[in-house]
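All remarks here apply to the structure that follows.
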Amino acid sequence: TATEEDLVKYAFALFLNHDFDKSLEVANMGLQKNARHAAFNRLAMYNYTDLKRFDEALKAADVFFKECDKADYSYLDYMYYGHLLESLKKYDDAVVQYEKAVKMDPTKTDLFKNISSAYEQKNDYKKAISAYQKYYASLDKEKQTPDLQFQFGRLYYGAGTQPDSLAITVEERKQALMSADSTFHAIAEAAPDSYLGNFWRARTNSALDPETTQGLAKPYYEEVAAFLIDKNDPRYNSALIECYSYLGYYYLVANKLPESKEYWNKILAIDPANATAKRALDGIK
């Protein structure tokens with residue numbers, strides 16, 4: 001006859017083996033015997049979360065954190081609770097749990113990424129950037145790679161292009177975009193075999209020049225287009241279309257119609273049904 005301790009060990013072994021359904025089944029067997037048992041409720045919360053059965057996970061979490069006997073909480077408990085609340089779009093509550101987790105185990109600095117993500121999803125970019133800075137600063141120099149810097153750029157870009165609100169002034173928006181531009185510039189130099197640094201520089205400069213009268217994004221879109229043409233790979237078609245759309249529009253605004261037509265026709269060569277290109281060419285006629 002299996003004891004409670006046997007069931008806990010078995011359910012936890014199944015969980016560690018990612019057999020979440022079976023682990024949950026064993027945990028529920030334990031809960032039928034003892035509904036206030038901390039380990040069974042913990043495993044129910046973990047497994048329901050990993051199975052994306054979030055409503056049931058929330059019920060298990062409520063019992064685990066409020067009703068269990070002799071519960072000894074770990075950073076993993078708070079981390080899972082944070083994941084669950086973030087999945088339910090309860091971002092502020094998720095941050096509270098992530099902060100409890102990292103306070104309990106300060107070595108788990110990866111959790112600052114989760115805190116950053118939760119703030120980003122509620123468009124609180126200042127706090128998202130601050131949390132991501134804590135994560136990035138915790139890494140050894142050799143681990144501070146361009147792909148991690150890229151997230152800084154994305155967050156600054158998000159701050160600079162978020163919908164109008166009282167949360168950010170015009171000057172703060174511009175400063176965020178300038179920070180994004182310098183970040184993507186550094187990435188373009190650090191990873192010259194990737195088009196992403198210049199591609200996002202183009203997007204950032206386009207946001208700095210919303211009327212497209214200065215052509216701030218033009219050199220970057222031209223550079224990316226040349227880079228992607230050499231690749232000759234259909235996977236880059238959507239990025240190429242974005243480059244050509246900007247350049248077509250830039251020349252349209254500048255009233256250089258032959259050059260504008262050239263770029264809209266390049267789009268139709270990739271995507272013959274592209275409605276924007278068709279509309280632009282109809283307007284030029």
Self-check item: Side-chain ion pair, R201 and E223, N-O less than 4.0 Å
Solution: no
Quiz item: If you group Ile, Leu, Val, Met, Phe, Trp and Tyr by side-chain heavy-atom gaps below 4.5 Å, do Y75 and V102 land in one group?
Solution: yes
Quiz item: Can you check whether G215's main-chain N or O pairs, donor with acceptor, with D209's side chain at less than 3.5 Å?
Solution: yes
Exercise. State plainly whether the residues K22 and E25 are in salt-bridge range, i.e. N to O under 4.0 Å.
Key: yes
Quiz item: Between the side chain of S206 and the main-chain N/O of A202, is any donor-acceptor distance below 3.5 Å?
Solution: no
Practice problem: Look at the side-chain heavy atoms of Ile, Leu, Val, Met, Phe, Trp and Tyr, link any pair under 4.5 Å apart, and say whether L228 and L268 land in one connected group. | Solution: yes
Practice problem: Determine yes or no for a side-chain-to-main-chain donor-acceptor pair under 3.5 angstrom, with D181 supplying the side chain and M178 the backbone. | Solution: no
Quiz item: Do Y81 and L85 have side-chain heavy atoms sitting under 4.5 Å apart?
Solution: yes
Quiz prompt | L281 with V253, same ILVMFWY side-chain cluster at under 4.5 Å | solution = yes
Quiz item: K90 versus L58: any side-chain heavy-atom pair under 4.5 Å?
Solution: yes
Quiz item: Is S116 reaching over with its side chain to a backbone N or O of F112, donor-acceptor style, under 3.5 angstrom?
Solution: no
Quiz prompt | Qualifying residue, where the test is ring pair (Phe, Tyr, Trp, His ring centres under 6.0 Å) with Y78 and the options are F64, F65, Y98 | solution = F65
Quiz prompt | ILVMFWY network linking L111 to Y119, side-chain heavy atoms under 4.5 angstrom | solution = yes
Quiz prompt | Modelled atom types, side-chain donor and acceptor of D6 and T3, under 3.5 Å | solution = yes
Quiz item: For I241, does its backbone N or O pair with a side-chain atom of S245 as donor and acceptor, under 3.5 Å?
Solution: yes
Self-check item: Side-chain (Y80) to main-chain (A61) donor-acceptor, under 3.5 angstrom
Solution: no
Exercise. Of all the heavy-atom pairs spanning K33 and A2, show the shortest one and how long it is.
Key: NZ-O, 3.6 Å
Quiz item: Can any side-chain N or O of E99 pair as donor or acceptor with the backbone N or O of V96 at less than 3.5 Å?
Solution: no
Quiz item: Are Y220 and Y263 co-members of a hydrophobic cluster defined by side-chain heavy atoms under 4.5 Å apart?
Solution: no
Quiz item: So which of D50, N17, N28, N47 actually passes side chain to side chain donor-acceptor pair (under 3.5 Å) with S23?
Solution: N47
Quiz item: Can you check whether S74's main-chain N or O pairs, donor with acceptor, with D77's side chain at less than 3.5 Å?
Solution: yes
Quiz item: With sequence neighbours left out, what residues match E189 under side chain to side chain contact (heavy atoms under 4.5 Å, CB included)?
Solution: H185
Quiz item: Quick one: ring pair (Phe, Tyr, Trp, His ring centres under 6.0 Å) pairs with a partner in residues 139-159, sequence neighbours left out?
Solution: Y132-F152, Y136-F152, F150-F184, F150-W200, Y157-W200
Quiz item: Short question: side chain of S130, backbone of K126 - any donor-acceptor pair under 3.5 Å?
Solution: no
